[in-house]
Amino acid sequence: VFSSLELPTNYLIVEDVGEYVRDEQRFVERLVAALDECGDRAVHVLGWSLGAHAALAWASAYPSRIDSLHLAGVRPSYPADLVEAERQSL
């Protein structure tokens, strides 16, 4: 989808947001490493659903690396039993 938009910018798509559930710190550090590898200092971030939680964790840990933050389809919390069921399925 993104390649057909002919955007004048680069983009990074995270395919394994489940890693965020397993180890939030490692997930955030891998995103920063990917930015460093691309030479990007700050970026615009869009997070959807669980990706929004991950984007917020990233923005909280590295605010200077975020030009703008857009969160969609996110709620403040998930029931503990639902979270545990997801963790067990991973």
Side-chain angles (χ1 to χ4, degrees):
V1 170
F2 287 100
S3 60
S4 67
L5 296 176
E6 298 181 16
L7 297 172
T9 59
N10 291 328
Y11 53 89
L12 173 68
I13 298 174
V14 177
E15 294 180 359
D16 184 14
V17 179
E19 180 184 17
Y20 166 75
V21 174
R22 294 186 300 273
D23 187 345
E24 176 183 321
Q25 184 62 34
R26 183 173 187 278
F27 179 84
V28 168
E29 288 172 359
R30 286 187 63 215
L31 286 174
V32 171
L35 282 181
D36 290 343
E37 195 173 301
C38 295
D40 291 327
R41 300 216 20 94
V43 295
H44 302 280
V45 177
L46 168 64
W48 178 275
S49 191
L50 180 57
H53 287 276
L56 189 55
W58 180 22
S60 296
Y62 295 92
S64 65
R65 302 299 297 266
I66 308 295
D67 275 337
S68 65
L69 178 64
H70 307 273
L71 307 175
V74 63
R75 56 178 160 170
S77 66
Y78 289 85
D81 59 330
L82 179 61
V83 171
E84 186 56 33
E86 281 298 313
R87 283 184 191 192
Q88 294 299 320
S89 73
L90 297 175

Colleague: Within the structure provided, determine whether Asp36 and Arg65 are in side-chain contact (heavy-atom separation under 4.5 Å).
Modeller: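 Yes - at least one pair of side-chain heavy atoms lies under 4.5 Å apart.
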
Colleague: Is it possible for you to say whether Leu69 and Trp48 belong to one hydrophobic cluster, with membership spreading through side-chain heavy-atom contacts below 4.5 Å?
Modeller: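 Shared cluster, no.
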
Colleague: Once you round to the nearest 0.5 Å, how far does CD of Glu24 lie from CD of Glu29?
Modeller: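 Between Glu24 CD and Glu29 CD, I get 10.5 Å after rounding to 0.5 Å.
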
Colleague: Work out which heavy atom in Ala72 is nearest to a heavy atom in Ala52; give both atom names and the distance.
Modeller: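 Nearest pair, atom of Ala72 first, then Ala52: O-CB, 4.0 Å.
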
Colleague: Looking at Leu71 and Ala55, what are the two nearest heavy atoms and their distance?
Modeller: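 What the structure gives for the nearest pair is CD2-CB, 4.1 Å.
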
Colleague: Mind listing the closest non-hydrogen atom pair of Trp58 and Leu35 along with its distance?
Modeller: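 Minimum heavy-atom contact is CZ2-CD1, 3.2 Å.
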
Colleague: Please find the pair of heavy atoms, one from Ala42 and one from Ser64, that lie closest to each other, and give the distance.
Modeller: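 Smallest heavy-atom distance, with atoms named: CB-O, 3.8 Å.
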
